[in-house]
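See below for the structure under consideration.
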Amino acid sequence: MDCAMDVGALILAGGAGKRMGGDKLFLTIGSVPLAERVIRSVSTFAGEILLSVASRQIVPARDLLSGIISLYGVRLVEDSTEGRGPLEGIASGLAFSNFEWSFVCACDMPFLSEAVVSTLWNKGDQRASIILPRMGGYFEPLHAFYSRRALSTLLNLLDRGERKITALFGEVPVSVVEEEAFAGLSGFRRSFCNINVQNDLSMIRTPD
């Protein structure tokens with residue numbers, strides 16, 4: 001990882017996981033919590049690790065992840081208002097972070113690649129407020145870098161009742177990194193993989 005990459009990591013875990021049938025925070029691959037796998041992945045480059053959770057998740061998260069929380073100094077960030085989606089999690093995390101930039105991802109991304117994240121950072125324009133990858137023509141807002149410069153706009157959107165992350169992209173400067181930037185990295189698409197339904201979990205449990 002580029003030693004000049006001075007960033008934190010914010011892992012979003014506050015969603016209800018309706019399509020999955022339960023909170024994704026508590027999913028396991030074998031006997032290992034999926035969130036633990038994500039924490040280990042971001043620990044290779046992040047100067048701090050924040051785990052954004054809903055209030056109902058605070059106690060069980062501490063119980064389930066006590067070892068990994070202690071090992072990596074993970075700090076739990078509670079959403080100030082539940083039910084406002086990932087925008088709320090990002091806003092709460094940016095407000096709590098000690099870093100100007102945070103790599104934001106979801107707790108259900110088991111194949112995060114340090115090389116892909118590094119490439120995203122190095123190819124992005126840090127004068128923007130968001131460094132955002134576009135894969136197959138679609139933005140990947142939960143595998144992206146967010147600056148605290150976006151926080152006031154985030155809060156304004158939430159106050160207006162907005163829930164979609166994409167609403168933020170038209171309000172602040174965004175540096176888009178196209179898929180071609182990652183083409184030289186073997187298996188780079190796996191870094192963007194997340195789990196939405198039980199069938200996804202079954203496939204991920206098979207050998208890589």
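Residue indices begin at 1 and follow the sequence shown.
Glu179 places a side-chain heavy atom less than 4.5 Å from the side chain of Phe188. You'll find the side chain of Leu132 reaches within 4.5 Å of the side chain of Phe169, heavy atoms only. Side-chain contact check for Leu50 versus Val74: every heavy-atom pair is 4.5 Å or farther apart. Within the 4.5 Å cutoff, the side chain of Lys123 has no heavy atoms near those of the Ile131 side chain. For the pair Asn194 and Leu142, the minimum side-chain heavy-atom distance is 4.5 Å or more.
Side-chain atoms of Ser147 come within 3.5 Å of backbone N or O of Arg149 as a donor-acceptor pair. A donor-acceptor contact shorter than 3.5 Å links the side chain of Ser41 to the backbone of Arg37. The backbone N or O of Gly89 sits nowhere less than 3.5 Å from a side-chain atom of Ser92 that would complete a donor-acceptor pair. A donor-acceptor pair is defined here as one N or O able to donate and one able to accept, closer than 3.5 Å; such a pair exists between the side chain of Glu48 and the backbone of Asn98. Side chain of Gln57 to main chain of Ala13: a donor-acceptor pair is present (N/O by atom type, distance under 3.5 Å, no hydrogens or angles). The backbone N or O of Glu180 lies less than 3.5 Å from no partner atom in the side chain of Glu178, so there is not a single donor-acceptor pair. Listed for the Ser118 side chain is no donor-acceptor partner under 3.5 Å among the backbone atoms of Ala115. Of the possible donor and acceptor atoms, none in the side chain of Glu78 sits under 3.5 Å from a partner among the backbone N and O of Ala54. Remark: side-chain polar atoms of Ser175 are paired, donor with acceptor, to backbone N or O of Asp125 under 3.5 angstrom. Between the side chain of Ser191 and the main chain of Ser113, a donor-acceptor pair closer than 3.5 Å is present.
Annotation for Cys107 and Val38: closest pair O-CG2, 3.5 Å, computed over non-hydrogen atoms. Minimum interatomic distance between Leu34 and Pro110 (heavy atoms only, all atoms of both residues): CD1-CB, 3.5 Å. The minimum heavy-atom distance between Ala144 and Leu120, with the atom names listed, is CA-CD2, 4.1 Å. When all heavy atoms of Arg40 and Leu71 are compared, the closest pair comes out as NH1-CD2, 4.1 Å.
The pair Arg163-Glu88 does not meet the salt-bridge criterion, since no charged nitrogen lies less than 4.0 angstrom from a carboxylate oxygen.
Linking Ile, Leu, Val, Met, Phe, Trp and Tyr residues whenever their side-chain heavy atoms come within less than 4.5 Å leaves Ile49 and Phe99 in two separate clusters. Note on Phe96 and Leu158: same hydrophobic cluster, where clusters join Ile, Leu, Val, Met, Phe, Trp and Tyr whose side-chain heavy atoms are under 4.5 Å apart, directly or indirectly.
Taking the six-membered ring where the residue is Trp, the centroids of Tyr146 and Trp101 are separated by 6.0 Å or more.
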Please report the C-alpha distance between Phe103 and Phe45 in whole Å, then the side-chain angles of each, then the deciding distance to 0.1 Å, and finally whether the ring-ring contact (aromatic ring centres under 6.0 Å, His included) criterion is met. CA-CA 10 Å; Phe103 175 72; Phe45 61 82; 5.6 Å; yes
